[in-house]
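Let me begin by presenting the structure, written as structure tokens, before commenting on it.
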Amino acid sequence: MSTPEQSQLGKPSAYADQYDASLLFPLPRATKRTEIGIGSQLPFFGADLWTGYELSWLNLRGKPQVALVHFTIPCETPHIIESKSFKLYLNSFNNSRFASADEVLARLRADVSEAVWRGAAHSATVGVRLVLPEAFATQKVQELQGLELDRLDVECTDYQPRPELLRADTETPPISETLVSHLLKSNCLVTGQPDWGSVQIAYTGPAIDQERLLQYIVSFRNHNEFHEQCVERMFTDIWRQCQPVKLSVYARYTRRGGLDINPFRTSHPSAMPAALRTARQ
């Protein structure tokens with residue numbers, strides 16, 4: 001079984017500029033899910049939404065081509081892809097020649113699908129979408145929608161996840177609301193480098209204490225965990241502590257190495273969020 005310590009994270013790496021699918025380094029989701037009490041039956045739906053800003057290749061005449069690329073990796077896949085290996089893989093296209101953008105798209109879909117479904121009894125393809133230069137102007141910047149928790153003047157003293165901070169009022173009728181904070185910060189599981197993000201929490205159920213929810217979000221500040229794992233931990237803690245009827249947790253993390261990762265987890269089937277990056281991304 002692959003572990004984060006075996007990846008290229010925190011190690012000097014030679015940048016391959018010729019296409020190499022073997023650079024992708026899948027990591028099992030099960031290890032961290034077991035840690036927070038998630039078994040084979042997932043308590044959520046969702047996906048990890050990746051954006052690659054530095055994709056380039058050569059056409060058959062050697063002329064460079066550029067594009068943005070959006071990946072949708074279902075949360076049901078047994079693996080995530082370690083982000084530095086993803087960057088190295090995308091850079092391996094730089095001096096490789098392809099007949100068309102469609103050929104590049106097909107390679108991306110096949111390679112990433114194989115990596116995240118590796119070893120599974122049943123597999124599927126991941127979603128991949130290229131945005132070519134003529135469509136760059138359509139890419140919008142928009143903040144997560146909802147009532148901002150950051151308006152609250154709270155005292156914060158905990159910087160490791162504290163699910164016991166979460167509290168909901170079960171004595172009043174259920175409500176539906178969407179809450180947003182830009183104060184999410186965690187650290188890379190291996191290198192300890194900071195990961196910055198915004199998070200949107202939408203729920204129906206007993207009213208969640210907003211001050212305590214903000215303190216809980218801040219409590220991730222010194223926590224070492226990958227983006228996907230932080231969002232699943234947050235979803236699981238809120239689900240258990242506050243017992244909503246419905247719950248969605250969506251985080252948009254700032255990019256590193258030309259990639260951003262935006263995990264979305266929801267208790268009920270729903271459409272994926274639109275791929276609209278925030279100002280900090």
Side-chain angles (χ1 to χ4, degrees), residues 3-5 7-10 25 27-38 44 46-51 73 75 79-87 143-144 146 148-150 152 154-166 179-202 208 212-242 247-266 273 277-281:
T3 66
E5 292 73 22
S7 74
Q8 289 297 316
L9 276 173
F25 191 86
L27 291 169
R29 295 186 189 268
T31 306
K32 279 291 181 177
R33 285 178 172 173
T34 299
E35 185 178 300
I36 57 175
I38 297 176
F44 44 64
D48 305 321
L49 310 176
W50 293 67
T51 311
I73 300 177
C75 66
H79 297 92
I80 63 174
I81 295 177
E82 184 276 303
S83 60
K84 184 176 179 180
S85 80
F86 215 152
K87 175 186 177 182
E143 297 307 306
L144 296 174
E148 284 212 14
L149 293 169
D150 306 345
L152 301 171
V154 299
E155 181 178 5
C156 299
T157 58
D158 297 295
Y159 303 111
Q160 291 292 341
R162 286 276 310 280
E164 60 269 26
L165 287 169
L166 295 165
L179 306 170
V180 171
S181 174
H182 304 292
L183 303 187
L184 177 61
K185 175 193 170 289
S186 53
N187 300 321
C188 173
L189 179 64
V190 176
T191 67
Q193 292 295 307
D195 294 322
W196 306 93
S198 299
V199 61
Q200 179 189 67
I201 296 165
I208 295 176
R212 297 177 73 90
L213 177 59
L214 180 57
Q215 290 171 326
Y216 168 75
I217 293 169
V218 170
S219 75
F220 279 76
R221 192 168 183 83
N222 292 339
H223 181 59
N224 292 2
E225 206 162 43
F226 292 141
H227 302 50
E228 302 94 331
Q229 298 160 352
C230 284
V231 169
E232 292 187 357
R233 183 181 295 274
M234 194 171 293
F235 178 97
T236 303
D237 286 346
I238 296 172
W239 187 257
R240 290 172 178 164
Q241 297 291 121
C242 301
L247 175 65
S248 296
V249 179
Y250 178 38
R252 293 199 66 89
Y253 280 89
T254 60
R255 74 179 80 167
R256 182 187 293 171
L259 288 168
D260 63 36
I261 311 171
N262 311 287
F264 173 69
R265 301 292 184 269
T266 177
R277 69 177 184 264
T278 67
R280 291 196 296 166
Q281 293 183 300

message: In terms of relative ring orientation, are Trp50 and Phe86 parallel, tilted or perpendicular, with 30° and 60° separating the classes?
response: tilted

- prompt: Is there side-chain contact between Leu27 and Phe226, with heavy atoms separated by less than 4.5 Å?
  reply: yes

query: Do Glu225 and Arg233 meet the salt-bridge criterion of a basic N to acidic O distance under 4.0 Å?
result: yes

- prompt: Between Asn262 and Thr51, what is the shortest heavy-atom contact and its length?
  reply: ND2-OG1, 4.2 Å

message: I'd like to know if Lys84 pairs up with Glu82 as an ion pair, taking the criterion as any Lys NZ or Arg NE/NH1/NH2 lying under 4.0 Å from an Asp or Glu carboxylate oxygen.
response: no

query: Distance-only, no hydrogens or angles: does the Arg255 side chain make a donor-acceptor pair with backbone N or O of Gln281 under 3.5 Å?
result: yes

message: With heavy-atom distances below 4.5 Å as the criterion, would you say the side chains of Ile238 and Leu213 are in contact?
response: yes

statement: dist Gln241:CD -> Ile208:CD1 (nearest 0.5 Å) comes out at 10.5 Å

field: Min side-chain heavy-atom separation Tyr159-Val218 under 4.5 Å
entry: yes

message: I'd like to check Asp158 versus Gln215 (side-chain heavy atoms, cut-off strictly below 4.5 Å). Are they in contact?
response: no

message: So Leu189 and Gln229, do their side chains get closer than 4.5 Å, heavy atoms only?
response: yes

- request: Verify side chain to side chain contact (heavy atoms under 4.5 Å, CB included) between Ile201 and Leu247, making sure each step is shown before the conclusion.
  value: CA-CA 7 Å; Ile201 296 165; Leu247 175 65; 3.9 Å; yes

- request: Only counting residues at least two apart or in another chain, list the ones meeting side-chain hydrogen bond (donor to acceptor under 3.5 Å, both in side chains) with His182.
  value: Glu148, Ser198

- prompt: Got Val180 and Asp150 here, is their nearest side-chain heavy-atom distance under 4.5 Å?
  reply: no

message: Between Glu228 and Pro263 (side chain of the first, backbone of the second, donor and acceptor by atom type, cut-off under 3.5 Å), is there such a pair?
response: no

- request: Considering non-hydrogen atoms only, spot the tightest contact between Glu143 and Ala279 and give its length.
  value: OE2-N, 2.8 Å

- prompt: What distance separates Arg252 CZ from Leu144 CG, expressed to the nearest 0.5 Å?
  reply: 7.5 Å

- prompt: How are the rings of Phe220 and Tyr216 set to each other: parallel, tilted or perpendicular (split at 30° and 60°)?
  reply: perpendicular

field: Leu183 CG to Cys156 SG distance, which is reported to the nearest 0.5 Å
entry: 8.0 Å

- prompt: Could you give the distance from OG1 (Thr266) to OH (Tyr250), rounded to the nearest 0.5 Å?
  reply: 13.0 Å

field: Residues Lys32 and Glu232 bridged, charged N to O under 4.0 Å
entry: no

task: Please report the shortest heavy-atom distance between Lys185 and Asn222, naming the atom on each side.
output: NZ-OD1, 4.3 Å

- prompt: Do the non-hydrogen side-chain atoms of Ile73 and Ile80 ever get within less than 4.5 Å of each other?
  reply: no

field: Any Cys75 side-chain heavy atom under 4.5 Å of Arg265 side chain
entry: yes

- prompt: About how many Å separate CZ of Arg240 and CG of Leu166, when rounded to the nearest 0.5 Å?
  reply: 12.0 Å

query: How long is the gap from CG on Asp195 to CG on Asn187, to the nearest 0.5 Å?
result: 7.0 Å

